[in-house]
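Heavy-atom basis, side chains included; hydrogens, waters and symmetry copies ignored. Convention: sequence-line order gives letters A, B, ...; per-chain numbering from 1.
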2 protein chains.
Amino acid sequence: MPRLIDHDHRRAELAEAVWRIIARDGLEAVSVRHVAAEAGVSAGSLRHVLPTKADLLTAAMELVVERAAARFRARADRPVPDRAAVLALLTELLPLDEERSLELRTHLALVLGSPGHPELVRLRATLDDALRQGCRAALDLAAAAGLLRPDLDLDLEALRLAVVVDGLALHLLGPGADLEPTAAEAVLDGHLAALGP
Amino acid sequence: MPRLIDHDHRRAELAEAVWRIIARDGLEAVSVRHVAAEAGVSAGSLRHVLPTKADLLTAAMELVVERAAARFRARADRPVPDRAAVLALLTELLPLDEERSLELRTHLALVLGSPGHPELVRLRATLDDALRQGCRAALDLAAAAGLLRPDLDLDLEALRLAVVVDGLALHLLGPGADLEPTAAEAVLDGHLAALGP
DNA sequence: ACGATGGTAGTACGGCCGTGTCACAACCGT
DNA sequence: ACGGTTGTGACACGGCCGTACTACCATCGT
């Protein structure tokens, strides 16, 4: 078989296989064999790329961070002048499609499901920090567009916004989710309105 | 050994053992043997009370729902006249001590960690519903005390408040938590203030 | 063209898992 | 006092786990 494969690409495929298993069968179903089967490779082959299970979980989490960062970067680079665009930027942070739902489920399942894994804890902190900074950036844009009352404590409001976004995300995740996407958008819209003059 | 033991009491002990294992070692470490050891009984003995692992997880989740409901009932029964009391009622919903942290970790780990378990999905819906009703009740009390603008959509605000509470709870949960309890209370206080006239 | 290189797949091993079974010990009603 | 009931603990079983090892093979550099 081919002498050289793209390791990064293979790692991403395996990480996405982990995502799907976590979303479909839960964290407990994540085993080397299941992931290999889900990704369509043999278990022995998987071990050449990710030698241990901990590496597997770390790779899954790293890809979450990477994808989320890339998505936000793509959004934030564009000039964002009006209210609808700010709302769209925030909506981007919600798990409203399959990929983002998979990512968030993975993120939460790993963070809550395996404490004592230092790498995962570090990556969680990275992600939380990015969320807060993203909310802060969105607020700065909104402020520049004159959408915000001038007397707001932007640091506190960024934190509050991040909390709202994460809370919405949590309630959007099925199964057993109790929130419709439209309701989530309504909450976000109402929150932004409450920050206005 | 004694012919009659209190089954409910034993179930609660075992459920709390599950909580501790989830918080300390993660969901993957929850096995019949580990739980039995944590609770100080033999595995065979455990099986007389909770025959299968699914029963074990269900019992753990049921105790979460039960304790949370009892705690809220104890708070809500008291007359709640002023702003500080409303804030205290909401703070009650946050994982600011060991027991509530254990409960929330269990709740989230189970909901996110084992999809396809119908009983857990049902219990999650129960809990989410209770949270929303609790927030609605708190808002009603605040409104009766004249702490709210009269033009608010209380249903939407209850949802937003529930989202804030859950978001705060999520960020308060260690390890890797990025939120201090005082910051969480500040967010809650700011949120309540933003609802005022 | 042909070894060297590096990915692949199959197998093996020790360990823990969930669950079933069963003999035994402690308490109850009679 | 004693037989029945009920909780207990120990073991057995089949299965899946993570990991290690080792032939095999397609490609690449020479």
Please list, for nucleotides 11-17 of chain C, all pairs of protein and nucleotide N/O atoms separated by less than 3.5 Å.
from, atom 1, to, atom 2, distance (Å)
C:dC17, OP1, B:Ser31, OG, 3.1

Problem - Distance in angstrom units between B:Glu13 CD and D:dG7 P, rounded - result: 15 Å
Handout entry: Interatomic distance, B:Leu56 CG vs C:dG18 C1' [rounded to whole Å]
Key = 11 Å
Practice task
Whole angstrom is fine here: how far is it from NE2 in A:His48 over to C1' in C:dG7?
Solution key: 6 Å
Problem - Per B:Ser45 side chain, nearest of listed nucleotides D:dT8, D:dG7, C:dT8 - result: D:dT8
Completion exercise
Of D:dT8, C:dT19, C:dA9, the nucleotide closest to the side chain of B:Thr52 is C:dT19
Practice task
Can you tell me the distance, in whole Å, between the CG atom of A:Leu46 and the P atom of C:dT8?
Solution key: 10 Å
Practice task
Starting at OG of B:Ser42, measure out to CZ of B:Arg33 and round the result to the nearest 0.5 Å.
Solution key: 11.0 Å
Problem - Atom-to-atom span, NE2 of B:His7 to C1' of D:dG7 - whole angstrom - result: 8 Å
Handout entry: For atom CG of A:Leu57 and atom P of D:dC17, their distance in whole Å
Key = 14 Å
Problem - Rounded distance (nearest 0.5 Å) linking atom CG of A:Leu170 with atom CG of A:Leu104 - result: 7.5 Å
Practice task
Hey, could you give me each pair passing side-chain hydrogen bond (donor to acceptor under 3.5 Å, both in side chains) that has a residue in residues 152-166 of chain B? Not counting sequence neighbours.
Solution key: A:His171-B:Asp166, A:His191-B:Arg160, B:Arg136-B:Asp155, B:Glu157-B:Arg160
Problem - Spacing of A:Arg11 atom CZ relative to C:dG7 atom P, expressed in whole Å - result: 14 Å
Exercise for the section: Hey, could you give me each pair passing salt bridge (charged side-chain N to carboxylate O under 4.0 Å, His left out) that has a residue in residues 177-197 of chain A? Not counting sequence neighbours. Expected result: A:Arg83-A:Asp189, A:Asp178-B:Arg132
Exercise for the section: Write down the distance between CZ (A:Arg47) and P (D:dC21), rounded to a whole number of angstrom. Expected result: 9 Å
Problem - Path from B:Val121 to A:Leu173 over hydrophobic side-chain contacts below 4.5 Å - result: no
Practice task
Would you mind telling me which of A:Leu94, A:Leu93, A:Val86 makes a side chain to side chain contact (heavy atoms under 4.5 Å, CB included) with A:Leu188?
Solution key: A:Leu94
